[in-house]
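Note sheet for the following structure.
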Amino acid sequence: MSAPRVVISGAAGRMGQRLIALGHQNPDIQLVAALEHAGHPKLGEDAGALAGVGPIGLPLSSKLEVEADALIDFSVPAGAERAINLCVDHKIALVMATTGLTDDHKTMLQAASQKIAIVWAPSMSLAVNLTMKLTEIAAAALKDYPAGADVEIVERHHRFKEDSPSGTALKFGEIVAAQMGQTKEAHGREGRPGERPRDEIGYHAIRVGDNPGEHTIIFGLMGETIELTVRASNRDCYANGALKAAQFVSGKPAGLYTMSDVLGL
Ligand SMILES: NC(=O)C1=CN([C@@H]2O[C@H](COP(=O)(O)OP(=O)(O)OC[C@H]3O[C@@H](n4cnc5c(N)ncnc54)[C@H](OP(=O)(O)O)[C@@H]3O)[C@@H](O)[C@H]2O)C=CC1
Ligand SMILES: O=C(O)C1=N[C@H](C(=O)O)C[C@H](O)C1
């Protein structure tokens, strides 16, 4: 199969710019459109020039006017909704990376996966997805720890991030709860919440500077502690993972795929 034709949605954003820059250099991908919302002030400007790699002949547009095999969405929840509809209408495979989605958006994604192939993951990073496997192993091993293992998830991101906790932190929590059975969540603590219940996962979202993302999953035992930490030094781990996902999902039968499927983990 020739290199899949890929659309980037949210193309002027922090992630969109890295996808344009890396996608343009990637011989296994053909970038065919750079989408933004209809009110974006830079519509019509060249997406490559905006991304710092010089003109690539792709103007930032609010309309999809070319044929494509896959669309990668790193935008906002309203942009994600539009991306799902576009992909279903045009029968294009979807890589959904936007976080902070509502339950309605998640239901839409599930329904859309009956019609098109979708990779949906809160983190496209290899290191994060591998750490999810390690977390699953640790949680399974500690589920019957006699004194109860306390799990807290700490994430750090840049000051511009709009959703908290991160989609990745919530996914780590889901993985832990599926093994250990916690039913409660605490989002930060203050005042006098009392002794920590055993069946709670604590989430702590730190927002500082330009941090591209780090997550620590803490398993607190009696007398010892395990911490699994994964840290991005820049956004290219997410962008490269998403480009790989676009290659993987292009031409696949309808269904919902994970980054474990893409990365063979
Ligand atoms: N799964 C993963 O691996 C990762 C996921 N993310 C997630 O990706 C998302 C984007 O992150 P980031 O790039 O930092 O955010 P940015 O705010 O930098 O970029 C989002 C872009 O989407 C644009 N946008 C807004 N509405 C629409 C729309 N309706 N259609 C198309 N584009 C639209 C924004 O325009 P404007 O600025 O004018 O609003 C902006 O250019 C977040 O949800 C983040 O959590 C981030 C990194 C990794
Ligand atoms: O907004 C970000 O930057 C990131 N968001 C994703 C999330 O919410 O999990 C993934 C990554 O951590 C960067």
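Only this structure's heavy atoms are used, side chains among them; waters, hydrogens and symmetry mates stay out. Counting convention: from 1, in listed order, for ligands and their atoms alike.
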Is it the case that the side chains of T107 and D104 hold a donor-acceptor pair, with the cut-off being a distance below 3.5 Å and no angle test?
no
Within-4.5 Å side-chain heavy-atom neighbours: L126 and K244
no
Pairs of nitrogen or oxygen atoms, one from ligand 2 and one from the protein, closer than 3.5 Å: please tabulate them with distances.
unit_1: ligand 2; atom_1: 1 (O); unit_2: K161; atom_2: NZ; d: 2.9
unit_1: ligand 2; atom_1: 3 (O); unit_2: H158; atom_2: NE2; d: 2.8
unit_1: ligand 2; atom_1: 5 (N); unit_2: K161; atom_2: NZ; d: 3.1
unit_1: ligand 2; atom_1: 8 (O); unit_2: T99; atom_2: OG1; d: 3.3
unit_1: ligand 2; atom_1: 8 (O); unit_2: K161; atom_2: NZ; d: 2.7
unit_1: ligand 2; atom_1: 8 (O); unit_2: G167; atom_2: N; d: 2.9
unit_1: ligand 2; atom_1: 9 (O); unit_2: G167; atom_2: N; d: 3.3
unit_1: ligand 2; atom_1: 9 (O); unit_2: T168; atom_2: N; d: 2.8
unit_1: ligand 2; atom_1: 9 (O); unit_2: T168; atom_2: OG1; d: 2.5
unit_1: ligand 2; atom_1: 12 (O); unit_2: H157; atom_2: NE2; d: 2.6

Contact residues of ligand 1 with a heavy-atom cut-off of under 4.0 Å?
S9, G10, A12, G13, R14, M15, E36, H37, H40, F74, S75, V76, G79, R82, A97, T98, T99, A121, P122, S123, M124, K161, D163, Y238
Does atom CD of E67 have more than 12 heavy-atom neighbours from other groups under 6.0 Å away?
no
Parallel, tilted or perpendicular: ring planes of F172 versus H215, cut at 30 and 60 degrees:
tilted
Just to verify, what does E155 make a side-chain hydrogen bond (donor to acceptor under 3.5 Å, both in side chains) with, not counting sequence neighbours?
H157, R207
Does H105 have any ring-ring contact (aromatic ring centres under 6.0 Å, His included) partners at least two apart in sequence or in another chain, and if so, which?
none
Is a side-chain N or O of Y145 found less than 3.5 angstrom from the main chain of M222, in a donor-acceptor match?
yes
Are E214 and R231 close enough for a salt bridge, meaning some N to O gap below 4.0 Å?
yes
Any chance NZ of K115 has more than 12 other-residue heavy atoms, nucleotides or ligands included, within less than 6.0 Å?
no
